Amino acid sequence: MPARFTRLSRTSSEYDAVVDFDAALADPADRERLIPEFDSGDHLHPSEAGYRATAATVNLADIR
């Protein structure tokens, strides 16, 4: 289900904007894993660096 929702949210015209945290955090060598520096250690939640990376993906003009 998560992959299906991600694909739908990226391609649907239903949304004004999408913040794609998956694209910011996923390891290009294995899209099912977090980039090691962004992994908190549990392989599910971002580290502090990962949260900074997700914040950097937000275009503030899209949410005003």
Side-chain angles (χ1 to χ4, degrees):
M1 176 69 177
R4 185 172 162 214
F5 176 77
T6 300
R7 188 171 40 257
L8 175 67
S9 64
R10 286 177 178 157
T11 60
S12 174
S13 61
E14 293 295 315
Y15 307 104
D16 295 328
V18 174
V19 178
D20 195 345
F21 293 151
D22 181 59
L25 299 175
D27 186 335
D30 182 353
R31 303 294 302 168
E32 297 295 317
R33 300 179 67 97
L34 296 171
I35 294 171
E37 70 185 83
F38 295 161
D39 189 344
S40 67
D42 68 1
H43 310 299
L44 181 62
H45 297 95
S47 64
E48 187 175 327
Y51 282 115
R52 281 194 301 272
T54 60
T57 68
V58 177
N59 181 349
L60 295 179
D62 287 340
I63 59 174
R64 290 186 183 177

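Below, all heavy atoms of this structure are taken into account, side chains as well, without hydrogens, waters or symmetry copies. Computed from a predicted structure; not experimentally measured.
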Single-linkage hydrophobic cluster Phe21~Leu60, side-chain heavy atoms < 4.5 angstrom: yes
Straight-line distance of Ser9 OG to Glu14 CD, nearest 0.5 Å: 12.0 Å
Distance-minimising heavy-atom pair for Leu44 and Asp42: N-OD1, 2.8 Å
Atom CZ of Arg10 with >12 non-hydrogen neighbours under 6.0 angstrom: yes
Donor-acceptor pair, side chain of Thr54 and main chain of Ala24, under 3.5 angstrom: no
Under 4.5 Å side-chain linkage, directly or through intermediates, the cluster mates of Leu25: Leu34, Ile35, Phe38
Where Ala23 and Arg31 come nearest, the two heavy atoms and their spacing: CA-NH2, 3.7 Å
